[in-house]
K.L.:
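Could you have a look at this structure, given as structure tokens, before my questions?
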Amino acid sequence: MTQSLQQGLSHSGLSATRAGLRRLWRRYPLSLIGGFVLISLTVLSVLAPWLAPFDPFEMNVVDRLREPGEEYFFGTDAYGRDLFSRTLYGGRISLLIGLSVAGLSTLIGLLIGILAGYSRSADAVLMRIMDGLMAIPGILLAIALMSLARPGIGVVVVAITIPEIPRVVRLVRAVVLSVREQVYIQAAIATGTRLPRLMLKHILPNTLAPLIVQATYIAASAVLIESYLSFLGVGTPPEVPSWGNIIAEGRLYVQIAPWNIVCPSVFLALMVLSINMLGDGLRDMLDPRLQTRVR
Amino acid sequence: MTDNPLLSVDGLTVAFSSPDGPPVAAVQELSFSLNAGETLCIVGESGCGKSLTALSLMRLLPRPHGMIGAGRIMLEGRDIATASEADMRMLRGRAISMIFQEPMTSLNPVLTIGSQISEMVKVHEGLDETACRQRALDMLKLVRIPEPERRMDDYPHQLSGGMRQRVMIAMALVCDPKILLADEPTTALDVTIEAQILELIQDLKQRTGTAVILITHDFGVVAEMADRVLVMYAGRQIEQGTALELFDAPTHPYTQALMAAMPRFNAEGAQTRLKEIAGIVPALHERGQGCCFAPRCEKATRHCFDSMPPLRLMAGEHSVACWHAGSPQERHP
């Protein structure tokens, strides 16, 4: 009796989630696929130490440039290292960089953007700095930073974050400028709300939805930028198996062993694509005015 | 009239700085007073300075161009015109609060209405979360929102216009202000909802003893709500008095014209064409030295165009600014 009741309960819970998923599927099929692919890639990357069949750094000269097959899913590279294991480990670097760049640039951009949106005098100074930052080519900045500091993932994150900040600032500033003219902000002032509280409770929440969407695009482009910086040799140090590094090394053997480039490239493309697909749907889902239709 | 009115405005002038030339005055030499529990209606066409008057009472004039040029606004012994911004924050919401014209845009779309109302309590009384929420809930019940418990967690877009205006009223009254400023609170609503909202304001006023300043252009609303009426034209008060005096003997041609422009049913039930007032309110820079209404006035004479009529006391509290008002002896020579 109790057992059947429990079964019934868990069944109803399950069907409720299932119904919700079905509704989501009908409305945002692409985002759902994107989310699913992204989660799979994340799980693969995070569990890399357990899932990878080989040590990604172990060289095996006898097995160099093996074709993809049963022993080596994705084949091996010029040093006989297992490409599948290296690709899984490379996913960790990409995810780490994507997340930290998105997090850092939105956080810093949010602070600067809100300040610029609210204070006219701060606006004049801050936006000129941002314009200046936007005028610097990202790759040059990265190369300059790499030559100044010891190459490492931290430097790569900083180098990618800096050119992204002005975009976030512009977005946040634009939202703040339009929101502060709304009647409900005047109404909030008319109820005696203090300025910091006004910014935090009334204006900030309005920026969150576009900001989260922007963050997904930044994460996607950060993953991409990291790989091309590495490909050019100014990104992640070459000994780290990031996707860009694997592709850069494989480039030399593309004629005889194309899988060296194809496998990490497919993963890279999948990750960027899935993040962007997810971001598109998030835009709609995060708008409270559209919420009722999703529920 | 008691000796100590709740709010007294004396010679208020609201000016806007202009890029070429001296500041232009949008509201000039406005004086009125308001007693506790009274309803004052400010009437006039669009562009007469009604909303600016309301905003200057809240000290919310559009910055940096709008400013209070002269005059005093005394509320509980404090002059709002010169109060510090910190003092104003204490007054806003607690001593004097405001309902805006557009209920559709005066609530923050990303916050639940419960949190918006309870925030008011938090800001002014510093109560804890549960107490604030309880007050908000009580307030929603008071403004007769059906299913208040459920509505607390709704977002503004889930409510109708009338409901949102109720929420705005709840927000405005949750801290027991002495004065409620309502700037055309029913303009955006249809007539049945308008009647409900006005009835609600009237009812709450009786319950809480709040004084109400109601801005409107509808004499029907005035007749229903007002204890006292102030008619404005082109930034000046042209007639003022108790509602009784004003409806009994509207004296200024503008007031008369406004009342004539109101549809009414006569005994025969015959449809007569509504009277209209020809022309529009003169723009700020077009206001000459004479009576501003003269170009549109049927009774206007040369003298009206040449000099500004002063506000003169007619009887009781009834005062009018028109050369043609009052006894013939008082008229211009």
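Protein chains get the first letters and strands the later ones, always in sequence-line order, with residue 1 at the start of each.
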K.L.:
Can you say whether B/Leu55 sits under 4.5 Å from chain A via the side chain, the backbone, both, or neither, judging by heavy atoms?
P.N.:
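Answer is side chain: those atoms of B/Leu55 sit under 4.5 Å from chain A.
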
K.L.:
For B/Lys50 and B/Gly44, work out which heavy atoms get closest and say how close.
P.N.:
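Residues B/Lys50 and B/Gly44, closest heavy atoms: NZ-O, 2.7 Å.
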
K.L.:
What I want to find out is whether A/Asp123 reaches A/Arg120 closely enough, with some N-O distance under 4.0 Å, to be called a salt bridge.
P.N.:
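No, this pair does not count.
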
K.L.:
Would you call A/Arg170 and A/Asp131 a salt bridge, using N to O less than 4.0 angstrom?
P.N.:
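A/Asp131 and A/Arg170: salt-bridged.
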
K.L.:
Under 4.5 Å from any heavy atom of chain A, what part of B/Leu60 do you find: side chain, backbone, both or neither?
P.N.:
both

K.L.:
Measure A/Arg197 against the heavy atoms of chain B and call it side chain, backbone, both or neither at under 4.5 Å.
P.N.:
side chain

K.L.:
Are any non-hydrogen side-chain atoms of B/Met225 and B/Leu198 less than 4.5 angstrom apart?
P.N.:
yes

K.L.:
Between B/Met88 and chain A, with a heavy-atom cut-off of 4.5 Å, which part of the residue counts as in contact: side chain, backbone, both or neither?
P.N.:
neither

K.L.:
Please check if the number of heavy atoms outside B/Arg144 that lie under 6.0 Å from its CZ is greater than 12.
P.N.:
yes

K.L.:
Flag the one option from B/Glu102, B/Arg94, B/Glu119, B/Met120 with the top tally of heavy-atom pairs under 4.5 Å to chain A.
P.N.:
B/Glu119

